[in-house]
Amino acid sequence: QALQKGGDTISYFDIDVGQAHARRAELALKLEQAIEKNQLSLYMQPQMAMPSRTLIGAEALLRWHCDGEFISLAEFIPVAEQTGLILAIGDWVLEQACLMTAEYRRLGLVDLVVAINISPRQFLQSDFTARVEQLLNQYQVPPSAIELEITESTIMDNEQTGILVLNQLKSLGVSLAIDDFGTGYSSLAYLKQFPVDKLKIDRSFVRNIEHNLDDQAIVLSLCQMAKNLKLSVLAEGIETEPQLDILAQYDCDAIQGYWFSRPLKHEDFVRFSEKMCVSEPLVD
Ligand code: C2E
Ligand code: MG
Ligand code: MG
Ligand code: MG
């Protein structure tokens with residue numbers, strides 16, 4: 001409607017676009033200082049094994065607290081990617097996650113695996129594997145205590161480099177998961193070539209699974225396929241008991257979602273973990 005107005009009047013559409021640009025520019029400026037101003041933090045969302053419902057690990061999820069409010073990832077990750085700030089932020093996330101993993105281990109939570117989201121640009125940096133190795137050494141974290149989450153498109157958009165890096169990381173001994181599985185290429189032929197350990201089924205297939213037969217068929221197939229390819233499979237976004245029951249029927253290995261816990265800040269996650277009794281009793 002506004003687009004059809006023509007002439008030299010400024011349409012509502014132009015104003016919207018202008019405002020969106022201004023907002024992005026403002027975020028880019030603020031994001032540049034976010035690290036030094038200590039505005040970034042990692043929340044941890046518990047992941048549980050099925051059917052035992054025991055805590056096995058957590059996904060580290062980035063939060064940006066800026067001028068009294070949390071800015072959503074959907075808004076600032078694209079800005080970070082466009083400006084290249086994602087590299088500094090991704091490196092901060094990686095280091096912070098290693099540091100937190102070391103801390104959990106110090107507290108006796110030695111069986112937890114911390115999953116870290118890796119952006120495409122970060123993954124494709126030539127020294128990425130070396131950086132991971134260096135941080136693991138620096139914080140004395142065994143490679144098996146972390147898992148790197150990569151999306152299919154990160155690998156497939158740069159197939160040769162992607163497979164090379166996956167193999168490097170695999171030799172290092174870290175666990176590798178494909179994030180948001182089912183939303184991208186999901187090509188079985190390619191999946192066979194990836195040295196990955198886990199598929200994370202995207203929340204979009206789980207959201208309505210109690211009511212949607214197609215989603216049931218898709219998720220069941222993904223679980224069976226993972227099993228046949230000897231991959232572990234985790235379902236994201238479990239919010240209700242009926243959803244959990246369906247995933248249990250499908251023999252899904254692990255789940256993550258609000259039903260179990262929202263992402264928690266460090267202290268709350270430690271308390272949560274200690275309550276779940278995965279830790280060795282602490283001697284004082
Ligand atoms: P993701 O990796 O697929 O992470 C799962 C998202 O689903 C998280 O959103 C989480 O809070 C949300 N979630 C988990 N369980 C439930 C549930 O039961 N219901 C609902 N409605 N949502 C649930 P979040 O934290 O907003 O993160 C969004 C995306 O941002 C992530 O999707 C990931 O792609 C990206 N991201 C998060 N942290 C980082 C990071 O440190 N680095 C990079 N590069 N990307 C990150
Ligand atoms: Mg993820
Ligand atoms: Mg995901
Ligand atoms: Mg997702």
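Both backbone and side-chain heavy atoms feed into the values below; hydrogens, waters and symmetry mates do not. Start at 1 and go down the list; that is how both ligands and their atoms are numbered.
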Indicate yes or no: at least one non-hydrogen side-chain atom of [X] is less than 4.5 angstrom from one of [Y].
X: L229; Y: M225; value: yes
X: I209; Y: V219; value: yes
X: I201; Y: C223; value: yes
X: F181; Y: V196; value: no
X: V270; Y: L107; value: yes
X: L31; Y: W64; value: yes

For the Mg ion (ligand 3), find the closest N/O/S atom on [X] and give its atom name.
X: D180; value: OD1
X: E236; value: OE2
X: D179; value: OD1

What orientation do H266 and Y104 show, parallel under 30°, tilted 30 to 60°, or perpendicular over 60°?
parallel
Given the ring of Y43, does R63 sit roughly above its face, with NZ or CZ under 6.0 Å from the centre of the six-membered ring and within 45° of the axis?
yes
Among the N/O/S atoms of E149, select the one at the shortest distance from the Mg ion (ligand 2) and name it.
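The Mg ion (ligand 2) is closest to the E149 atom OE1, counting only N, O or S.
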Side chain or backbone of Q256 under 4.0 Å from ligand 1, or both, or neither, by non-hydrogen atoms?
neither
Proximity to ligand 1 by part of D179, non-hydrogen separation under 4.0 Å
side chain
Between the candidates [options], which shows the shortest non-hydrogen contact distance to [atom]?
atom: atom 10 (C) of ligand 1; options: V206, L42, L61; result: L61
atom: atom 3 (O) of ligand 1; options: T183, D202, D180; result: D180
atom: atom 21 (N) of ligand 1; options: Q122, R203, E149; result: R203
atom: atom 29 (C) of ligand 1; options: I77, L62, L73; result: L73

Within a distance under 4.0 Å of any heavy atom of [X], pick out the atoms of ligand 1 and give their elements.
X: E239; value: 17 (C), 18 (O), 19 (N), 20 (C), 21 (N)
X: S119; value: 44 (N)
X: E236; value: 3 (O)
X: G257; value: 15 (N), 18 (O)

From CD1 (I178) to OG1 (T151), nearest 0.5 Å:
8.0 Å
To the nearest 0.5 Å, what is the distance between CG on D67 and CD on Q39?
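That separation rounds to 6.5 Å.
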Is [X] close enough to touch ligand 1? Criterion: a residue heavy atom under 4.0 Å from a ligand atom.
X: R262; result: no
X: Q45; result: yes
X: R63; result: yes
X: P263; result: yes

Report the C-alpha separation of R131 and E95 in whole Å, then their side-chain angles, then the decisive distance to 0.1 Å, and conclude whether the side-chain contact (heavy atoms from CB on, under 4.5 Å) test is met.
CA-CA 9 Å; R131 178 64 176 151; E95 176 158 15; 3.6 Å; yes
E59 N/O to ligand 1 N/O under 3.5 Å:
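It does: an N or O of E59 is found under 3.5 Å from an N or O of ligand 1.
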Here the vertex angle at the Mg ion (ligand 2) for OE2 of E59 and OD1 of N117, given to 10°, is 90°
Of all heavy-atom pairs between P195 and K170, which one has the smallest distance, and what is that distance?
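The pair with the smallest heavy-atom distance is O-CD, 3.2 Å.
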